[in-house]
Amino acid sequence: MVESRLNEKEDYSVWQELRSKAKEELIPMIITLELTYRCNLRCKHCYVEFDKGGEELTISELDGLLDELKEMGTFLLILTGGEIFLREDIKDILIMIKQKGFAQRIFSNGTLFDNSWYDFFDDLQPERFEISMYGSNPEVHDSITGKAGSFERTANAVRELSSRGHEVVVKTVWMKDNYRDFVNWMNMVEELTEAVPLWTSIIAPLDNGSFSNRKYILTNEQIKELRDTQLEYFKNKYGEEYKIDDSTPCDIQIPSIPCSAGFSYAGISPDGCVYPCIQIRLKAGNIREESFRKIWNDSKIMNFIRDLSNNPIDECSKCMYNKKCMRCPGISWLESGSLSVANWQFCRQVRI
Amino acid sequence: MKYKINPDAVYREINGVYYVLLPRDKTIHRFTDVGSLIWRLIDKNFSESEIIKEVVNQYDVEEEVVLNDLENFIKELVEKKILLKIE
Ligand SMILES: C[S@@+](CC[C@H](N)C(=O)[O-])C[C@H]1O[C@@H](n2cnc3c(N)ncnc32)[C@H](O)[C@@H]1O
Ligand code: SF4
Ligand code: SF4
């Protein structure tokens with residue numbers, strides 16, 4: 001009667017079924033909670049508007065919000081910032097989330113943990129940790145985070161969490177300062193944890209609308225160099241069979257919103273603003289003024305996003321790379337103010 | 001047998017079907033319709049005899065069949081660590 005499937009790593013079918021049902025039924029299954037815009041690091045590329053999170057939701061406001069989310073079927077909370085471990089009440093928040101029966105995924109730079117934290121996490125059992133590392137050594141990593149000693153602390157966190165059996169995804173953003181470190185970084189991740197590494201070379205503009213971090217984005221030549229290094233690396237690792245799929249012309253309608261934003265996913269800022277996604281900063285409402293349920297069901301923005309999903313983008317629908325393109329409407333929005341356009345960072349990535 | 005729901009288990013119902021995630025084991029499970037009904041009752045702290053009565057009512061089956069099914073179901077839940085035995 002259980003009809004259970006899977007070790008999630010091997011078989012995503014149940015998880016995917018859950019996600020697609022949630023999307024059909026407009027259940028806000030995954031919510032990103034940004035708990036603070038404070039941070040102890042100052043990563044060069046970071047989109048966060050430091051210290052501009054307004055008055056952070058208190059634990060009792062979060063308590064009410066979580067009850068509502070539970071009632072509406074939210075399953076997984078992604079906790080991010082800023083650096084959430086700067087919140088004095090973070091332990092109580094994490095315990096409350098667990099007691100209310102949510103899965104929690106923790107995004108962190110890992111620099112603020114000591115031994116008592118690791119024991120705490122063993123009881124908490126988050127669904128996963130995602131920790132950012134920008135290089136395989138202190139020179140590269142610390143020059144991006146702006147803080148001497150951050151590499152050692154973060155590497156230690158990844159090692160410790162992983163050795164205690166937690167799933168730890170190590171993430172990075174490839175930019176001018178670190179893309180030549182790819183192979184060493186991969187080897188480091190393999191040494192530190194069994195989890196799959198995750199990376200992007202797409203850099204989002206800042207939340208305040210400025211694109212001052214644009215200067216860190218790889219040039220075409222650098223993207224190509226990185227891609228060649230990656231191909232070589234994977235070939236060495238997996239043998240000649242490893243290939244990057246070559247695109248074929250395909251005639252499918254590419255909607256403006258290809259993802260779950262506004263359908264089964266939303267983001268909430270430290271001061272309670274609700275967005276379809278933390279990259280689509282169109283404010284749908286604030287939970288201090290009305291209930292999340294009302295914002296989710298009735299707000300103009302959420303319904304606008306849902307309507308847009310029927311609205312195909314001509315350029316992308318005709319594009320021969322659209323099957324493998326991971327275009328994020330949030331990045332289009334941040335860069336051009338429209339959700340329904342192609343974006344150069346994605347366009348050149350698939351073509352190079 | 002006495003048991004309790006694993007405090008790490010995260011579960012939600014969509015259209016009458018329960019999905020259960022166990023973060024420690026990185027597994028996610030889907031229950032069948034009857035499994036989901038039983039889980040709903042376990043979650044509401046129904047006793048074994050109350051659960052049997054409810055399933056008999058809803059599915060129009062013999063009590064003995066349900067008893068047997070329920071035992072197997074609970075055994076499976078314990079094996080999968082979704083339920084934990086208590087003394
Ligand atoms: C904003 S951080 C917050 C969580 C935590 N402080 C950390 O560093 O992982 C979440 C992730 O967003 C990434 N990120 C920050 N700014 C970005 C940008 N402009 N473009 C793409 N990714 C970015 C970070 O590298 C990090 O992996
Ligand atoms: S640690 Fe995270 S939030 Fe802080 S500056 Fe770096 S990327 Fe941004
Ligand atoms: S490559 Fe560019 S045009 Fe093609 S699907 Fe991606 S964003 Fe659209």
Side-chain angles (χ1 to χ4, degrees), chain A residues 1-30 69-77 94-95 97-106 121-129 164-169 194-196 264, chain B residues 3-44 48 51-52 54-55 58-59 61 65-84:
Chain A
M1 268 191 283
V2 177
E3 201 194 312
S4 63
R5 303 242 185 92
L6 89 92
N7 181 325
E8 200 203 343
K9 279 186 183 153
E10 288 153 21
D11 184 348
Y12 286 91
S13 65
V14 174
W15 186 245
Q16 270 171 357
E17 177 190 301
L18 179 55
R19 292 194 65 164
S20 72
K21 268 198 188 176
K23 196 168 175 182
E24 264 166 45
E25 305 281 330
L26 296 183
I27 295 168
M29 186 187 129
I30 303 180
L69 292 176
K70 175 105 192 253
E71 254 178 52
M72 293 179 70
T74 301
F75 194 85
L76 173 68
L77 294 172
L94 299 178
I95 293 170
I97 290 173
K98 159 116 181 182
Q99 283 172 347
K100 289 185 190 289
F102 294 95
Q104 44 189 325
R105 187 176 293 175
I106 294 177
F121 293 139
D122 287 346
D123 286 335
L124 189 75
Q125 284 298 316
E127 181 253 0
R128 173 201 286 183
F129 287 88
R164 288 173 181 243
H166 295 285
E167 179 163 355
V168 185
V169 172
E194 283 171 18
V196 194
S264 59
Chain B
Y3 45 77
K4 63 168 186 179
I5 295 178
N6 184 338
D8 289 343
V10 178
Y11 47 96
R12 294 289 184 277
E13 184 180 359
I14 300 187
N15 297 340
V17 174
Y18 269 98
Y19 294 83
V20 182
L21 173 82
L22 285 182
R24 207 178 287 256
D25 299 0
K26 304 176 180 63
T27 55
I28 184 162
H29 306 274
R30 182 211 312 107
F31 293 169
T32 56
D33 287 353
V34 193
S36 294
L37 168 63
I38 295 176
W39 182 260
R40 190 176 311 121
L41 302 173
I42 293 177
D43 191 32
K44 286 185 184 156
E48 233 162 84
I51 293 176
I52 293 170
E54 197 65 33
V55 178
Q58 293 211 20
Y59 284 86
V61 273
V65 178
V66 177
L67 181 65
N68 192 28
D69 265 13
L70 180 64
E71 274 174 7
N72 286 336
F73 183 54
I74 290 187
K75 212 170 117 210
E76 217 182 331
L77 292 176
V78 171
E79 266 166 27
K80 297 208 157 38
K81 293 186 257 174
I82 297 170
L83 286 182
L84 304 177

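Letters A, B, ... are given to chains in the order of the sequence lines, protein chains preceding strands, and every chain is numbered from 1.
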Completion exercise
Nearest heavy-atom approach of A/Gly101 to B/Val10 is O-CG1, 3.4 Å

Completion exercise
For B/Pro23 and A/Pro126, the nearest pair of non-hydrogen atoms, with its separation, is CB-O, 4.0 Å

So, taking the atom named [atom1] in [X] and the one named [atom2] in [Y], what distance separates them when rounded to the nearest 0.5 Å?
| X | Y | atom1 | atom2 | value |
| --- | --- | --- | --- | --- |
| A/Glu167 | B/Lys26 | CD | NZ | 5.5 Å |
| B/Arg12 | A/Phe102 | CZ | CZ | 5.5 Å |
| B/Ile14 | A/Phe75 | CD1 | CZ | 8.5 Å |

What side-chain donor-acceptor pairs closer than 3.5 Å can you find for residues 21-29 of chain A, not counting sequence neighbours?
{"residue": "A/Lys21", "atom": "NZ", "partner": "B/Tyr19", "partner atom": "OH", "Å": "3.2"}
{"residue": "A/Lys23", "atom": "NZ", "partner": "A/Cys259", "partner atom": "O", "Å": "3.1"}
{"residue": "A/Glu25", "atom": "OE2", "partner": "B/Asn15", "partner atom": "ND2", "Å": "3.2"}

Exercise for the section: Pick whichever of A/Thr74, A/Leu124, A/Leu76 has the most heavy-atom pairs under 4.5 Å with chain B. Expected result: A/Thr74

Problem - Residue among A/Gln125, A/Lys98, A/His166, A/Gln104 with most heavy-atom pairs under 4.5 Å to chain B - result: A/Gln125

Practice task
Apply salt bridge (charged side-chain N to carboxylate O under 4.0 Å, His left out) to B/Arg24 and list each qualifying residue two or more places apart in sequence or on a separate chain.
Solution key: B/Asp8

